[in-house]
Trainee: 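I am attaching a structure below and will ask some questions about it afterwards.
Numbering starts at 1 and runs along the sequence shown.
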Amino acid sequence: MKYLSYIIIRFFVAVFSLIPFSLLYIISDFIAFILHRILSYRSGVIKKNIEFCLPSASELEKDNIISKFYKNFSDILIESIKGLGTDRQILIDRYQLLNPEILEHHYHNQQSIVIYSQHYNNWEWGALTLGLQTSHHIVGIVKKISNEHVNNYVQNGRTGHNVSVVTMEEIEKLYRTNYEKPIAIVFIADQMPFRSTRNHDVNFMSNKVAFHKGAAIYACSKNYPVYTIDIHRKSRGQYELELNPICEKPKELSPIELTQLYVTNLEKLIKKSPESWLWSHKRFKKEIQY
């Protein structure tokens, strides 16, 4: 069964690579309708998450966020599949880092950095394109897929072109590896911490919420400058990425203070475009009952 799943994914990657984006978004609209109106995919989780984070929103506003979320989620799904079979330069034209020069002085000083990201708009193309838009070698921290055939295929697709990935289970490997040039370590740190001992409780959307503390502890211990990378959608399949510094000298902060800076930026992004965040994840298991 696992190998069959792998074959099916390879089939869709091959097919989607031949379909123009304009047609793919018609398919995406159909998938979004099925997920929302027919299957009600994780509708209970989505509603509870939005109510927890945006309690003052009206019912009409919440319904509008939910409807737009399914469209965003479906777009990310088909874009992720298409990306694995698409030429990197085509993706870069659609996924442009606006200010890579902001990192150049770190690179020339042989200084590695930490980049915080989030499940906001299309985060998947980052592993495929960022290494070609930065001098730093990009190292992504990823979650291992349970299907080993799919995991190996996806990880191989993400690796190369000045990018490598390390799974959360192999995080110690990151600390032992000597890279040939300065690295930019990308932590997508907005999911629920997978261990209760590895989190900070910080202020998020007027609540105390647990967030991963590993990235902050690592940045503070190494004194690596910390940035966020914010992903803005211009139109369907067209994104602009912006690097924003949040701390040049992490040793001057505690890890919880650094985590709070990241979370405050995440909150700003969600308020700007709430439908763009991944509401379908059981993000708040510690804070609410699903």
Side-chain angles (χ1 to χ4, degrees), residues 83 88-89 91-92 95-120 122-144 154-190 198 211-232 239-255 257-263 265-266:
R88 303 294 174 99
Q89 189 57 53
L91 293 184
I92 290 173
Y95 203 79
Q96 295 183 344
L97 180 59
L98 297 179
N99 57 340
E101 70 282 352
I102 198 172
L103 304 180
E104 283 303 303
H105 70 287
H106 297 307
Y107 182 77
H108 291 303
N109 290 332
Q110 294 294 301
Q111 188 174 40
S112 296
I113 61 170
V114 166
I115 298 177
Y116 273 115
S117 188
Q118 48 276 319
H119 293 88
Y120 183 85
N122 183 344
W123 64 90
E124 288 287 352
W125 282 357
L128 303 177
T129 65
L130 284 182
L132 296 175
Q133 300 185 69
T134 61
S135 297
H136 283 78
H137 179 76
I138 301 294
V139 180
I141 310 300
V142 299
K143 184 176 181 179
K144 189 174 182 179
V154 172
Q155 304 304 36
N156 286 337
R158 289 168 166 170
T159 302
H161 302 278
N162 200 32
V163 173
S164 58
V165 297
V166 175
T167 66
M168 290 186 290
E169 293 81 2
E170 302 170 330
I171 193 70
E172 293 299 324
K173 177 182 176 181
L174 171 66
Y175 308 140
R176 298 192 304 268
T177 302
N178 293 318
Y179 293 90
E180 294 181 357
K181 61 180 182 177
I183 60 176
I185 311 156
V186 181
F187 292 89
I188 300 181
D190 59 340
R198 295 187 177 181
F211 273 81
H212 287 286
K213 67 181 182 181
I217 291 175
Y218 183 71
C220 290
S221 66
K222 294 286 189 178
N223 203 31
Y224 286 167
V226 181
Y227 291 77
T228 65
I229 188 163
D230 302 340
I231 305 166
H232 306 289
Y239 300 91
E240 290 183 342
L241 286 71
E242 182 181 12
L243 286 161
N244 292 302
I246 61 172
C247 186
E248 284 286 328
K249 298 178 179 179
K251 276 194 173 180
E252 297 179 358
L253 299 178
S254 68
E257 289 174 320
L258 182 56
T259 302
Q260 184 65 68
L261 290 175
Y262 163 66
V263 170
N265 185 75
L266 172 64

Trainee: Where the side chain of Q133 meets the backbone of Y95, is there a donor-acceptor pair that is under 3.5 Å apart?
Mentor: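 Checked: pair present.
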Trainee: Sequence neighbours left out, what passes side-chain contact (heavy atoms from CB on, under 4.5 Å) with N265? Give chain and number order.
Mentor: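 Expected list: T228, D230, K268, L269.
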Trainee: Y116 and A216: which non-hydrogen atoms are nearest, and at how many Å?
Mentor: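 Residues Y116 and A216, closest heavy atoms: OH-N, 3.3 Å.
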Trainee: Could you give the distance from OG1 (T134) to CD1 (I113), rounded to the nearest 0.5 Å?
Mentor: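 One finds 8.0 Å between OG1 of T134 and CD1 of I113.
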Trainee: Side chain to side chain contact (heavy atoms under 4.5 Å, CB included) between Q155 and T167: does it pass, once the steps are laid out?
Mentor: CA-CA 9 Å; Q155 304 304 36; T167 66; 4.0 Å; yes
Trainee: Between NE2 of H119 and CG of L266, what distance do you get to the nearest 0.5 Å?
Mentor: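 The CG atom of L266 is 11.0 Å from NE2 of H119, to the nearest 0.5 Å.
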Trainee: Measure the shortest side-chain to side-chain distance between P182 and Q110 over non-hydrogen atoms and say whether it is less than 4.5 angstrom.
Mentor: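 Sidechains of Q110 and P182: in contact.
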Trainee: Within this structure, what is the CD1-CD distance for the pair I231 and E240, rounded to the nearest 0.5 Å?
Mentor: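 Reported to 0.5 Å precision, the distance equals 12.5 Å.
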Trainee: Using only atom types and a distance under 3.5 Å, with no angle test, would you say the side chain of N162 pairs donor to acceptor with the backbone of H136?
Mentor: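 Between the backbone of H136 and the side chain of N162 there is a qualifying donor-acceptor contact (under 3.5 Å).
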Trainee: Is the closest side-chain donor-acceptor distance between E248 and Y227 under 3.5 Å?
Mentor: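 On atom types as modelled, these side chains qualify, holding a pair under 3.5 Å.
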Trainee: Atom CD1 in I183, atom OG in S112: separation rounded to 0.5 Å?
Mentor: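 Separation between the atoms: 4.5 Å.
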Trainee: Just list the side-chain donor-acceptor pairs under 3.5 Å for residues 122-130, sequence neighbours left out, or say none.
Mentor:
| unit_1 | atom_1 | unit_2 | atom_2 | d |
| --- | --- | --- | --- | --- |
| N122 | OD1 | E124 | N | 2.9 |
| N122 | OD1 | W125 | N | 3.2 |
| N122 | ND2 | E79 | OE1 | 2.8 |
| E124 | OE1 | R158 | NH2 | 3.0 |
| W125 | NE1 | E79 | O | 2.9 |
| T129 | OG1 | W125 | O | 3.0 |

Trainee: Using modelled atom types and a 3.5 Å cut-off, is there a donor and acceptor pairing between side-chain atoms of D190 and backbone atoms of Q118?
Mentor: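 Answer holds: no.
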Trainee: H106 versus P225: any side-chain heavy-atom pair under 4.5 Å?
Mentor: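 When only atoms from C-beta onward are counted, P225 and H106 do touch, with a gap below 4.5 Å.
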Trainee: Would you find more than 12 non-hydrogen atoms of other residues, nucleotides or ligands less than 6.0 Å from K181 atom NZ?
Mentor: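 For K181, atom NZ is crowded (more than 12 foreign heavy atoms under 6.0 Å).
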Trainee: Minimum heavy-atom separation for A219 to V226, with atom names?
Mentor: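 The pair with the smallest heavy-atom distance is CB-CG2, 3.6 Å.
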Trainee: Of all the heavy-atom pairs spanning L91 and G83, show the shortest one and how long it is.
Mentor: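 The answer is CD1-O, 3.8 Å.
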Trainee: Enter the distance from C220:SG to E252:CD here, rounded to the nearest 0.5 Å.
Mentor: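 So the SG of C220 and the CD of E252 are separated by 10.5 Å.
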Trainee: How many angstroms lie between OG1 in T259 and CG in L253, if you round to the nearest 0.5 Å?
Mentor: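 Reported value, rounded in 0.5 Å steps: 10.0 Å.
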Trainee: Find out whether L103 and S135 are in side-chain contact, i.e. whether some heavy atom of one side chain is under 4.5 Å from a heavy atom of the other.
Mentor: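 They are not in side-chain contact.
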Trainee: Looking only at heavy atoms, what is the nearest atom pair of R88 and G160, with distance?
Mentor: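 Closest approach of R88 to G160: NH1-O, 4.5 Å.
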